[in-house]
Every structure is written in structure tokens, then in C-alpha cells.
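Taking it in order: structure first as C-alpha cells, then the write-up.
Please read all numbers here as calculations on a predicted model, not as lab measurements.
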Amino acid sequence: MLQKTQPKVCQLCGQSQRRSLPQNSRLHKLFQLMAEGLKGKDGLYHPHQWWKVMAKDQWLGYNEYAAPDGRTIYALKSTADLSVEDLNNFMNEVERYCAVRGVYLQD
């Protein structure tokens, strides 16, 4: 699982800087290429959303929440909550996975 780093903060307002829209667009293009060119371990092609969930499961992990009845609820972490650096780390893992399988995102 990826290590969580301290997000950089805006010099003006003090808010954490989150991932950029170009980063997010690049990541979704990569998931689309995966959907078009890779089969899952089950031997089937899957849509880009499936690949996104699988990647988040593998490299981002889960948030845990305590339900009122004492159960623990697990929810995949969201890329929307990642800093620029953390999203770069996540994308590097996804790109490495793709490269081993012959899928590359053209710059």
C-alpha cells in the first residue's frame, strides 16, 4: 500500500493542494487503455471503472468506519482526496502494472 505523505498547502489560504485535473485526466486515459487492451485474471476484458476499483484496492486501500451497531464498514479510498504527490505515486504503480503487460500511455 502507498505511504500517505503530508499534503502541500497553499501559501495564500493554507488549504491542502489536491490532485490536478490534468493528472486525473491522464489517470482515466490509462484506465481506458487498460479496458481496451488488458484482460483480468479471469481472462475477460473489463470496463475502465472495474480497472479503477481494482487499482484502488491494490494500491490505495480502504477507509474504515465504525457503524452504530459496532460493525466496521470499509470503503475504498478516493483519488479525489489525494495530494498531487500521492496521485503521482498511485499513477506510477498503475503505469508500472500496465508496462509489464505491454500497455503504455503516450505522452
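The shortest side-chain heavy-atom distance between Glu95 and Leu30 falls under the 4.5 Å cut-off. By the 4.5 Å heavy-atom criterion applied to side chains, Gln32 and Glu36 are counted as neighbours. Side-chain contact between Leu38 and Trp51 is present, with heavy atoms from C-beta onward closer than 4.5 Å. Trp59 places a side-chain heavy atom less than 4.5 Å from the side chain of Val94.
The hydrophobic clustering, which links ILVMFWY residues whose side-chain heavy atoms are closer than 4.5 Å, places Val53 and Tyr74 together. Cluster membership check: Tyr104 does not share its hydrophobic cluster with Met34, using side-chain heavy-atom separations under 4.5 Å among Ile, Leu, Val, Met, Phe, Trp and Tyr.
Between Phe31 and Phe90, the ring planes lie tilted relative to each other; the angle falls in the 30° to 60° range. The aromatic rings of His46 and Trp50 sit parallel to each other, their planes meeting at less than 30°, with 60° as the upper class boundary.
No side-chain donor-acceptor contact under 3.5 Å links Glu64 to the backbone of Ile73.
Considering Leu82, Leu76, Asp81 in turn, Leu82 is the only one that fulfils the side-chain contact (heavy atoms from CB on, under 4.5 Å) rule with Leu60.
To the nearest 0.5 Å, atom CD of residue Gln23 and atom OG of residue Ser83 are 8.5 Å apart. Between the CE atom in Met91 and the CG atom in Asp86 there is a gap of 11.5 Å [rounded to 0.5 Å].
Of all non-hydrogen atoms in Lys56 and Lys77, the two that sit nearest each other are CE-O, 2.8 Å. Of all the heavy atoms in Ala35 and Pro47, the pair that sits closest is CB-C, 3.8 Å.
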